[in-house]
Amino acid sequence: MSKQSIHIGKSIVLIGFMGVGKTSIGKALAEQMSRPFIDIDLEIEETFDMATTAIFDTYGEAVFRNKEKELINQHCQTPGRVISLGGGAFLQEEVKQQCMENALVIFLEMGWDAWQERIPEIIDTRPILQNKSIEEIKALYEARQQVYADYHIRVNVDTLQIDEAAQNIIKSLHQLTN
Ligand code: S3P
């Protein structure tokens, strides 16, 4: 398949644990492929006009997850986009199925050693990490790897810069569709 046909094809969905770089890599990928970029967390925050932590505190996780499902189902069926999901989106089986059927799912994988260095950067904005010990966070990280077991392409981002990760994804997309 040529770059042109990838360009007009299915949307690309980025999954992976919190803080692995889904938003920054998604933006770079969208730019390199000249596609519109959608960040689902940002869309949820704009809908409620609140930060994610405030949505969890005010309405609870279930309300956040419902809006997340609604927005992802809508966006992943529209071709030609790059869409970054929140790290918990694939906890919902329907979301996983919709994305696997309608889009190309890219799992951004990061090993625990590389990931734990990011904790100080992300902890304040991730309600799911708050009030947890490092052991509890590691258990969550491990449990979540099962959640990301369905994908079309996996890219390990332990040592990749943002643009390198985007290039790597484009290369893998060509291999997948050739
Ligand atoms: C969550 C991940 C977050 C955000 C919310 C819940 C999760 O997105 O959707 O805080 O359950 O893993 P990022 O993966 O972009 O941090």
Side-chain angles (χ1 to χ4, degrees), residues 11-31 36-76 81-100 103 105-112 114-151 153-158 160 162 165-166 169:
S11 273
I12 293 166
V13 164
L14 301 184
I15 63 163
F17 201 47
M18 283 165 269
V20 299
K22 298 181 295 291
T23 298
S24 35
I25 294 169
K27 267 187 201 158
L29 182 65
E31 200 174 308
F37 174 66
I38 310 285
D39 183 75
I40 296 294
D41 282 339
L42 185 63
E43 293 230 335
I44 299 169
E45 290 187 336
E46 284 175 358
T47 304
F48 287 93
D49 196 19
M50 282 180 184
T52 297
T53 36
I55 301 170
F56 271 61
D57 286 347
T58 311
Y59 299 109
E61 182 173 349
V63 169
F64 178 92
R65 296 292 178 205
N66 273 334
K67 181 53 73 183
E68 182 176 49
K69 179 167 70 185
E70 182 191 318
L71 288 168
I72 295 169
N73 287 350
Q74 176 195 318
H75 283 298
C76 80
R81 299 179 171 177
V82 174
I83 307 162
S84 290
L85 306 194
F90 266 29
L91 288 168
Q92 305 191 77
E93 205 49 46
E94 188 190 329
V95 169
K96 189 185 278 199
Q97 273 175 17
Q98 286 283 335
C99 291
M100 287 299 293
V105 176
I106 320 278
F107 170 36
L108 300 183
E109 176 191 56
M110 183 176 270
W112 171 255
W115 184 80
Q116 66 173 335
E117 286 176 18
R118 299 196 170 188
I119 296 175
E121 255 174 74
I122 65 172
I123 192 138
D124 290 343
T125 51
R126 288 358 187 244
I128 299 286
L129 297 180
Q130 279 160 33
N131 307 313
K132 282 193 172 64
S133 65
I134 189 73
E135 290 79 16
E136 288 168 326
I137 292 177
K138 187 163 191 214
L140 176 68
Y141 168 91
E142 280 163 4
R144 283 289 184 83
Q145 300 313 303
Q146 284 309 307
V147 173
Y148 312 128
D150 289 304
Y151 53 78
I153 291 171
R154 178 182 55 188
V155 174
N156 184 290
V157 295
D158 279 8
L160 298 182
I162 292 166
I169 293 168

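For ligands, and for the atoms within them, numbers begin at 1 and follow the listed sequence. All values derive from a computational prediction rather than experimental measurement.
Protein heavy atom closest to atom 1 (C) of ligand 1, with residue, atom name and distance, is Gly88 N, 3.9 Å. The nearest protein atom to atom 16 (O) of ligand 1, hydrogens excluded, is given as Arg126 NE, 2.6 Å; this is a heavy-atom distance.
Any N or O atom pair closer than 3.5 Å counts here, and Gly87 shares at least one such pair with ligand 1.
Heavy atoms of Arg144 come nearer than 4.0 angstrom to ligand 1 in at least one pair. Taking a 4.0 Å cut-off on heavy atoms, Arg65 registers as neighbouring ligand 1.
When the heavy atoms of Asp41, Ile122, Asp39 are ranked by distance to atom 8 (O) of ligand 1, first place goes to Asp41.
Taking a cut-off of under 4.0 Å to the non-hydrogen atoms of Ile128, the atoms of ligand 1 that pass are 6 (C), 7 (C), 11 (O). The ligand atoms of ligand 1 that sit less than 4.0 angstrom from a heavy atom of Thr52 are 5 (C), 10 (O).
In Glu142, the CD atom is crowded: over 12 heavy atoms of neighbouring residues, nucleotides or ligands sit closer than 6.0 Å. Other residues, nucleotides and ligands place no more than 12 heavy atoms under 6.0 Å from the CZ atom of Arg154.
We find that Lys67 and Glu70 are joined by a salt bridge, their nearest charged nitrogen and carboxylate oxygen being less than 4.0 Å apart.
Tyr59 is listed as a side-chain neighbour of Met50, based on a closest heavy-atom distance under 4.5 Å. Leu85 places a side-chain heavy atom less than 4.5 Å from the side chain of Cys99.
In this structure, CE in Met110 is found 9.0 Å from CD in Glu117, a value given to the nearest 0.5 Å.
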